[in-house]
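So that the names make sense, note that chain A is the first sequence line, chain B the second, and so on, each numbered from 1.
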Protein chains: 2
Amino acid sequence: MSRSRMSTNPLSHRARTGAHPPRPKEVSVSKTAPTSADVAREAGVSRATVSYVLNNRSDVRITPATREQVLLAARQLGYQPSPAARALRAGRGDVVLFLLPDWDTTGELGHFLEEVGTLISKEGFVCLRYEGPQWHGHLGSLLGKVTAAAVVTFSPLSDADRDAMAMSTIPEVRAWLLDGPEGHTVRIDQATVVQLQLDRLIARGYRRMIYAVIRDPRNQRFIDARVRAFRNLTVAAGIGDADVVVLDGELDGFVDALTAARAVNESRIGVCAWNDMTAVGILSAAQTLGISVPEDLGVIGVDDTPIASLTAPPLSSVRFDLTQDAAVIAANVAETLGVGSKQPAITSAPVTLIARASD
Amino acid sequence: MSRSRMSTNPLSHRARTGAHPPRPKEVSVSKTAPTSADVAREAGVSRATVSYVLNNRSDVRITPATREQVLLAARQLGYQPSPAARALRAGRGDVVLFLLPDWDTTGELGHFLEEVGTLISKEGFVCLRYEGPQWHGHLGSLLGKVTAAAVVTFSPLSDADRDAMAMSTIPEVRAWLLDGPEGHTVRIDQATVVQLQLDRLIARGYRRMIYAVIRDPRNQRFIDARVRAFRNLTVAAGIGDADVVVLDGELDGFVDALTAARAVNESRIGVCAWNDMTAVGILSAAQTLGISVPEDLGVIGVDDTPIASLTAPPLSSVRFDLTQDAAVIAANVAETLGVGSKQPAITSAPVTLIARASD
DNA sequence: TTGTATGCGTTATCAG
DNA sequence: CTGATAACGCATACAA
């Protein structure tokens, strides 16, 4: 564990800590935030009374007059309780930390996160995101800087991070969209996604299938799961002519792949695309080669992104809805935090196919 | 009287606190995190010494032996300093809060945010994002829950939020990508983006221009700025036949718009698209209508997203690079935090056109 | 060089 | 019902 105190200059942040310098206690415009003691003085009561009023506790009875005094003083001074002091006193903060993998948080996943955040905020907590690849391996440092009430992870942590997490007393809530073996975690069933694509293509008369995916290390785990599902499902469906093509993000590669596939034989090809962008590449390659969609080739994307409505022909796509899962995660967090009331049943995300013209 | 009664004795600290809550304090597996006092006891030194060693202060000299003792004890106990206590003591926390508008943080903007985060983390702070539309109007509540060292805003705050910000003692750093009038803030010059599109199209021989944009309230301010630039620039370039079409995200609308444009006359049309997705719509509409690109119609997108390489033909696109701006913002934050060393010159984001086959 | 005492702002407890 | 006061964990002048 890194015990380095980082480069924080010990002198600089002494600027506002009034340990030494004589503090001019004036009601006038001062740069230091007012404390509950200031409010108490202004209202002519004790600090305890201020605390009682501001936290409006039901087990203590305060004279309405006193209460008003306190409220007024607090408003006048613009009093805001110090989160640091509260956290120190309470033993935990009000921040729920989202540890996001290097995923694309646009679209459905973004909604999911927002939904969870909204739900949790109802319990008086605030959800902050730590995003990008930067935090990997530095979780310990992070936890040393922010007083978190809980950490929500969306994928397994690295060894170092897991250790840091275990070392701390902060609870981890797992919202693993992929890796959860069972139970207390959300699962998007990747096999269902592929199955919907295949079922549709089979229903439309395709007998020859290709799984097309753009190489992307960020999503490797998801990709692996889907490819596995594709292999299993095609075998189960008795489709012998199934293939997986891995591409990089250039049109040429798509054209080549399609050319090669057509060279084998000219039968109609059904393409299960990893996502909508991959599907766009397939459509473009087909156009380039003069292959007509959906007459000679069908393609179905995943995610139902806005672009699916803008291709020619418009793209059929599989979408999943994480709304229910958001509620599950929020409930898990609430329970972990000891503020939960209800416990929604565990559901798996509804997955549906949005049919458009690409087949 | 009782004032003098309770002197903080490092030894009695634990022993005598058990007045009310009988807290069993064992060295064994306890759920509470170890404190610096625990480390001190374990190492057989005072709390001050522990603090000195752990913050490795240069103005105090510690016996190497003692230092090792402390370090060892800290490691053994898995000691992690409490952020809450540090924040309370220091008067400010180590969290820099990014207040993100409801923007798409994929692509270049995402890189920008990561870059800023990485830079700031070098100064010992951590950047957390508060994302989505949810926080608008609730900034006060947020600031009451997290001990932030600074808040970085990317667009103007609402009145309520601005008041809350002003009420607090937390400094606001403005990284307004669009609204900054001048000076201390980052600016993506929207006019330059449009200019690059137009220059290219003019160079390729187009004399009739259309600005195409997909309706999106989230980006309205950016859209307005670009449309304004388009109008000004086409007038300045002596292009009389310039038009702006606002679409929603369905292919039909694109087809209709292009049909209408071709109905006026059959001259070649240059399309400045709001972004790559809009450009995809244009390409699809052209394909649907049998208009060949780039022979009869040219289109240039913005953002140079991965999809630009996957259309048929591949899409020319304008990209901007916010790396330098990230450094500027990071420096601003550092300066505000009083930890900054250098002050990079203010630059505006380099904007370039990536030429592909769509013209 | 190390130990002692104090305060940061909040809340809980208990005596008036 | 109110007032005084003890912690929470850390950092640091100052004394030894």
Side-chain angles (χ1 to χ4, degrees), chain A residues 5 8 10-11 13-14 16-21 23 32-41 43-55 57 59-67 69-70 79-94 144 147 169, chain B residues 1-14 16-21 23 32-41 43-55 57 59-67 69-70 79-93 144 147:
Chain A
R5 182 52 190 75
T8 310
L11 298 174
H13 65 51
R14 265 204 41 67
R16 295 215 351 266
T17 68
H20 247 325
R23 224 178 339 152
T32 66
T35 75
S36 75
D38 295 326
V39 177
R41 188 165 349 95
V45 298
S46 75
R47 306 215 309 274
T49 310
V50 172
S51 178
Y52 292 151
V53 171
L54 263 37
N55 300 0
R57 291 178 36 153
D59 54 339
V60 192
R61 296 223 299 242
I62 307 285
T63 322
T66 314
R67 162 179 294 271
Q69 285 279 339
V70 172
Y79 169 73
Q80 290 289 124
S82 142
R86 291 174 60 101
L88 178 58
R89 171 65 191 170
R92 83 169 177 209
D94 293 325
T147 309
T169 56
Chain B
M1 42 185 296
S2 30
R3 169 88 47 104
S4 57
R5 170 189 155 249
M6 200 53 201
S7 51
T8 317
N9 183 328
L11 294 175
S12 65
H13 179 256
R14 282 294 178 210
R16 296 209 281 126
T17 41
H20 275 294
R23 220 170 347 148
T32 65
T35 75
S36 76
D38 294 327
V39 177
R41 187 165 350 92
V45 299
S46 75
R47 307 214 310 273
T49 307
V50 172
S51 178
Y52 293 151
V53 171
L54 264 37
N55 299 5
R57 290 181 34 151
D59 56 338
V60 190
R61 298 226 295 245
I62 307 283
T63 319
T66 316
R67 162 179 295 272
Q69 286 280 338
V70 172
Y79 169 72
Q80 289 289 125
S82 144
R86 288 171 49 106
L88 179 57
R89 168 70 188 168
R92 82 170 177 209
T147 308

Is there a donor-acceptor contact under 3.5 Å from the side chain of [X] to the main chain of [Y]?
| X | Y | answer |
| --- | --- | --- |
| Ser46(B) | Thr49(B) | yes |
| Thr63(A) | Ala65(A) | no |
| Thr147(B) | Ala84(A) | yes |

Kindly say if [X] contacts the phosphate of [N], meaning a side-chain N or O under 4.0 Å from OP1 or OP2.
| X | N | value |
| --- | --- | --- |
| Arg89(A) | dA12(C) | no |
| Arg86(A) | dG9(C) | no |
| Arg57(B) | dT12(D) | yes |
| Ser82(B) | dG9(D) | no |
| Thr35(A) | dG9(C) | no |
| Thr49(B) | dG3(C) | yes |
| Arg61(B) | dT1(C) | yes |

Self-check item: Interatomic distance, Thr35(B) atom OG1 to Arg47(B) atom CZ [nearest 0.5 angstrom]
Solution: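 The OG1 atom of Thr35(B) sits 7.5 Å away from the CZ atom of Arg47(B).
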Practice problem: Give one of base, sugar-phosphate or nothing for Val45(A), where a contact means two heavy atoms less than 4.0 Å apart. | Solution: sugar-phosphate
Quiz item: Just checking Ser51(B): base, sugar-phosphate only, or nothing, at a heavy-atom cut-off of under 4.0 Å?
Solution: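 Base, at least one base heavy atom under 4.0 Å.
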If you only use heavy atoms from C-beta on, which nucleotide in [options] is closest to the side chain of [X]?
| X | options | answer |
| --- | --- | --- |
| Ile62(B) | dT2(C), dC8(C), dA6(D) | dT2(C) |
| Thr63(A) | dG3(C), dT2(D), dA11(D) | dT2(D) |
| Ala85(B) | dA12(C), dC10(D), dT2(C) | dC10(D) |
| Asn55(A) | dA4(D), dT11(C), dA11(D) | dT11(C) |
| Tyr52(B) | dA13(D), dT10(C), dG3(D) | dA13(D) |

Using whole Å, report how far [atom1] of [X] lies from [atom2] of [N].
| X | N | atom1 | atom2 | value |
| --- | --- | --- | --- | --- |
| Leu88(B) | dA11(D) | CG | C1' | 11 Å |
| Arg92(A) | dT11(C) | CZ | C1' | 15 Å |
| Leu54(A) | dT2(D) | CG | P | 14 Å |
| Arg41(B) | dT4(C) | CZ | P | 14 Å |

Quiz item: When the nearest nucleotide of DNA chain C is assigned to Thr66(B) and to Ser36(A) on a heavy-atom basis, which residue is associated with the more 5' position?
Solution: Thr66(B)
Quiz item: Of the non-hydrogen atoms in Ile62(B) and Tyr52(B), which two are nearest, and what is the gap between them?
Solution: CD1-CB, 4.0 Å
Quiz item: After noting the C-alpha distance and the side-chain angles of Thr66(A) and Val53(A), does the key distance pass the side-chain contact (heavy atoms from CB on, under 4.5 Å) rule?
Solution: CA-CA 9 Å; Thr66(A) 314; Val53(A) 171; 5.6 Å; no
Quiz item: Given that Pro64(A) and Ala48(A) both sit by DNA chain D, which one's nearest nucleotide is further toward the 5' end?
Solution: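 The 5'-side residue here is Pro64(A).
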Quiz prompt | Side-chain donor/acceptor contact of Arg47(B) with base of dT4(C) under 3.5 Å | solution =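 Donor-acceptor pair under 3.5 Å: no.
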